[in-house]
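Accompanying notes for the structure given below.
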Protein chains: 2
Amino acid sequence: MSQRRILVVDDEDNLRTMLVAALKYEGYDVSFAPDGQTALKMVRESSPDLIVLDVMMPDLDGFAVCKRLRDAGNRTPVIFLTARDSASDKVQGLQIGGDDYLSKPFALEELVARVEAVLRRVDSSPDSAETWTLADLVMDDVAHRVTRAGEEVHLSPTEYNLVKFLLQNTGRVLSRGQLLQNVWGYAPDDDPSVVETYVGYIRRKVDAYEPKLIHTVRGVGYTMRVQQA
Amino acid sequence: MSQRRILVVDDEDNLRTMLVAALKYEGYDVSFAPDGQTALKMVRESSPDLIVLDVMMPDLDGFAVCKRLRDAGNRTPVIFLTARDSASDKVQGLQIGGDDYLSKPFALEELVARVEAVLRRVDSSPDSAETWTLADLVMDDVAHRVTRAGEEVHLSPTEYNLVKFLLQNTGRVLSRGQLLQNVWGYAPDDDPSVVETYVGYIRRKVDAYEPKLIHTVRGVGYTMRVQQA
DNA sequence: CAGCCTTCTTAGCGGGTTCTTAGGAACGCC
DNA sequence: GGCGTTCCTAAGAACCCGCTAAGAAGGCTG
């Protein structure tokens with residue numbers, strides 16, 4: 001997956017700088033704006049993949065910015081930041097079309113987790129295009145073609161479905177039962193050893209490269225993601 | 001927003017045809033299935049945006065279909081149709097993970113209204129991102145990932161469950177008995193030495209940082225919180 | 001109909017995980 | 001400060017989980 005671009009909008013210099021640094025550290029391509037007007041302009045010009053938006057700002061506040069975007073038909077995911085923790089604020093934020101909501105003070109790690117959760121959800125939503133990518137792994141569902149590092153990877157039908165389902169749920173841990181149901185159409189409590197065999201198969205094909213994308217979560221299941229140390 | 005896709009599942013031909021026609025007329029992209037098995041297959045293959053699901057069907061009934069989907073981790077919104085109007089049915093339907101409930105006979109307009117309401121609600125609700133945080137400790141349950149100060153912390157299944165339960169009860173002191181019950185599924189008066197061993201394990205991993213988050217309450221049990229001295 | 005690809009089962013190995021035990025350390029009460 | 005109680009830790013044994021190899025069974029294609 002190509003690098004995700006995030007726009008951070010906050011009028012407080014210190015906080016904004018910190019957010020930008022933290023997200024950059026996580027590997028995102030981060031830009032920032034100090035106020036609502038600038039933010040709207042930047043969204044129009046660079047259409048980021050996600051916006052982290054402070055609610056309390058002078059002039060045009062976060063809610064207003066989001067509302068303007070939505071009214072203009074822009075569906076870029078928004079995560080609101082606010083000092084307040086009232087339920088009514090949260091409701092308002094979500095009604096306006098926000099995707100998540102974080103009350104100050106919060107741990108930077110929590111912001112990162114929520115950013116990932118929102119991007120994960122957006123990525124796997126069914127109306128996104130019919131090609132999935134993760135790092136240098138590309139699956140073109142229309143052409144029914146899978147490539148890793150530019151080289152074509154030949155997969156049997158079941159292998160293909162397994163990779164596809166894992167890819168559609170990037171970052172999410174899937175149990176053997178879930179895989180049995182969604183890839184094989186079996187009952188969740190059927191013998192899961194087929195799954196293990198097939199994970200072995202696709203590992204030898206898809207993960208014959210670095211970085212490894214298929215990970216075992218012992219006692220739980222499997223997941224696909226780029227492992228950040 | 002692209003056209004929304006709805007799957008109608010009903011074994012009665014006449015009703016099903018009518019529903020399909022009505023929803024198509026409203027501008028939805030409608031497909032249909034005559035029974036539960038077919039429905040499950042179609043959901044897997046085409047992942048619709050919403051499912052209208054008759055409860056009373058031979059073989060695999062509506063509740064069973066919904067349960068199978070939810071167990072497989074599929075969160076597609078479901079509206080149940082039923083001939084019965086009992087409160088217990090409604091409760092069962094919602095418990096299983098249905099989003100709305102309609103008793104026959106109903107006006108087509110009512111179905112349309114509920115379809116729109118459910119879609120609107122789903123669009124604006126954020127991921128109920130199951131993440132818990134305490135200071136710089138973050139647990140992302142979907143990704144099954146735990147980080148402290150941004151670094152990933154590897155936990156065995158039992159360790160993970162223990163941290164999760166402590167984190168879900170932040171600030172509350174949990175007795176060894178409670179932990180035995182909720183993390184191990186043992187009786188509360190079983191030998192609590194396992195708990196001590198595991199608290200030791202997770203201390204070395206998640207409390208290898210400052211501030212310490214896991215605290216012993218002598219004579220009572222353990223708790224997780226940021227210690228303000 | 002023969003050969004290949006694919007699917008799935010089985011069995012064994014290796015290593016992570018769980019749990020027990022026991023000794024020593026820390027705490028708190030008197 | 002002494003003493004009993006509670007808690008911590010190290011170490012090891014048994015266990016279970018997941019990986020892999022190998023082969024049987026089924027299906028598709030030439």
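By convention in this document, chain letters (A, B, ...) are assigned in the order of the sequence lines, proteins followed by strands, and residues within each chain are numbered from 1.
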Output the distance between atom OG1 (A:Thr170) and atom CG (A:Leu167), rounded to the nearest 0.5 Å.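 One finds 4.5 Å between OG1 of A:Thr170 and CG of A:Leu167.
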What is the distance from atom CE of A:Met224 to atom NZ of A:Lys164, rounded to the nearest 0.5 Å?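 Here the rounded value is 14.0 Å.
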Estimated bend of the helix from C:dC1-D:dG30 to C:dC30-D:dG1 (axis per five terminal pairs, rounded to 10 degrees):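 Its terminal axes enclose an angle near 30°.
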Expressed in angstrom and rounded to an integer, what is the separation of [X] atom [atom1] from [N] atom [atom2]?
| X | N | atom1 | atom2 | value |
| --- | --- | --- | --- | --- |
| A:Asn161 | C:dT7 | CG | C1' | 13 Å |
| A:His154 | C:dC5 | NE2 | C1' | 8 Å |
| A:Tyr160 | C:dT6 | OH | P | 15 Å |
| A:Glu196 | D:dC19 | CD | C1' | 8 Å |
| B:Leu155 | C:dG16 | CG | P | 16 Å |
| B:Glu159 | D:dC17 | CD | P | 16 Å |

Before accepting this row, confirm whether a basic side-chain N of the pair B:Arg148/A:Glu109 lies closer than 4.0 Å to the acidic partner's carboxylate O.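 Salt bridge between B:Arg148 and A:Glu109, a charged N being under 4.0 Å from a carboxylate O: no.
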A:Arg114 and A:Asp99 ion-paired at < 4.0 Å: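 Answer for the salt bridge query: no.
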Among [options], which nucleotide sits nearest the side chain of [X]?
| X | options | value |
| --- | --- | --- |
| B:Tyr198 | D:dC19, D:dT9, C:dT18 | C:dT18 |
| B:Arg204 | D:dA10, C:dT10, D:dC8 | D:dA10 |
| B:Tyr222 | D:dC7, C:dT7, D:dC19 | D:dC7 |

Does the [X] side chain pair with the main chain of [Y], one donor and one acceptor, at a distance under 3.5 Å?
| X | Y | value |
| --- | --- | --- |
| B:Arg4 | B:Asp49 | no |
| B:Asp61 | B:Met56 | no |
| B:Arg5 | B:Ser47 | yes |

For a quick check of understanding: with a heavy-atom distance under 4.0 Å over all strands, which category does A:Thr158 fall into, base, sugar-phosphate or nothing?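 Since only primed, P, OP1 and OP2 atoms lie under 4.0 Å of A:Thr158, the category is sugar-phosphate.
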Describe the nucleic acid contact of A:Ser156 in one word from base, sugar-phosphate, nothing, applying a heavy-atom distance below 4.0 Å.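 A:Ser156: backbone/sugar contact only, no base atoms under 4.0 Å.
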Between D:dC8 and B:Tyr201, counting only base atoms on the nucleotide and side-chain atoms on the residue, is there a donor-acceptor pair under 3.5 Å?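 Check fails, no donor-acceptor contact within cut-off.
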Considering only heavy atoms, which members of residues 205-218 of chain A lie under 4.0 Å from some atom of DNA chain C?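 Those residues whose heavy atoms fall under 4.0 Å from DNA chain C, taken from residues 205-218 of chain A in numerical order, are A:Arg218.
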Positions of residues 169-192 of chain B (non-hydrogen atom under 4.0 Å from DNA chain C), listed by number: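 Close to the strand are B:Trp184, B:Tyr186.
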Show, in sequence, the C-alpha distance, side-chain angles and deciding distance for A:Lys24 and A:Glu26, and conclude whether the salt bridge (Lys or Arg N to Asp or Glu O under 4.0 Å) test is met. CA-CA 5 Å; A:Lys24 273 192 179 158; A:Glu26 290 295 323; over 6 Å; no
B:Tyr222 pairs by side-chain hydrogen bond (donor to acceptor under 3.5 Å, both in side chains) with which of B:His215, B:Gln178, B:Arg176?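 With B:Tyr222 as partner, side-chain hydrogen bond (donor to acceptor under 3.5 Å, both in side chains) holds for just one option, B:Arg176.
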Is there a side-chain contact between [X] and [Y], using heavy atoms and a 4.5 Å cut-off?
| X | Y | answer |
| --- | --- | --- |
| B:Asp141 | B:Trp132 | yes |
| A:Ser31 | A:Leu7 | yes |
| A:Ser156 | A:Tyr198 | yes |

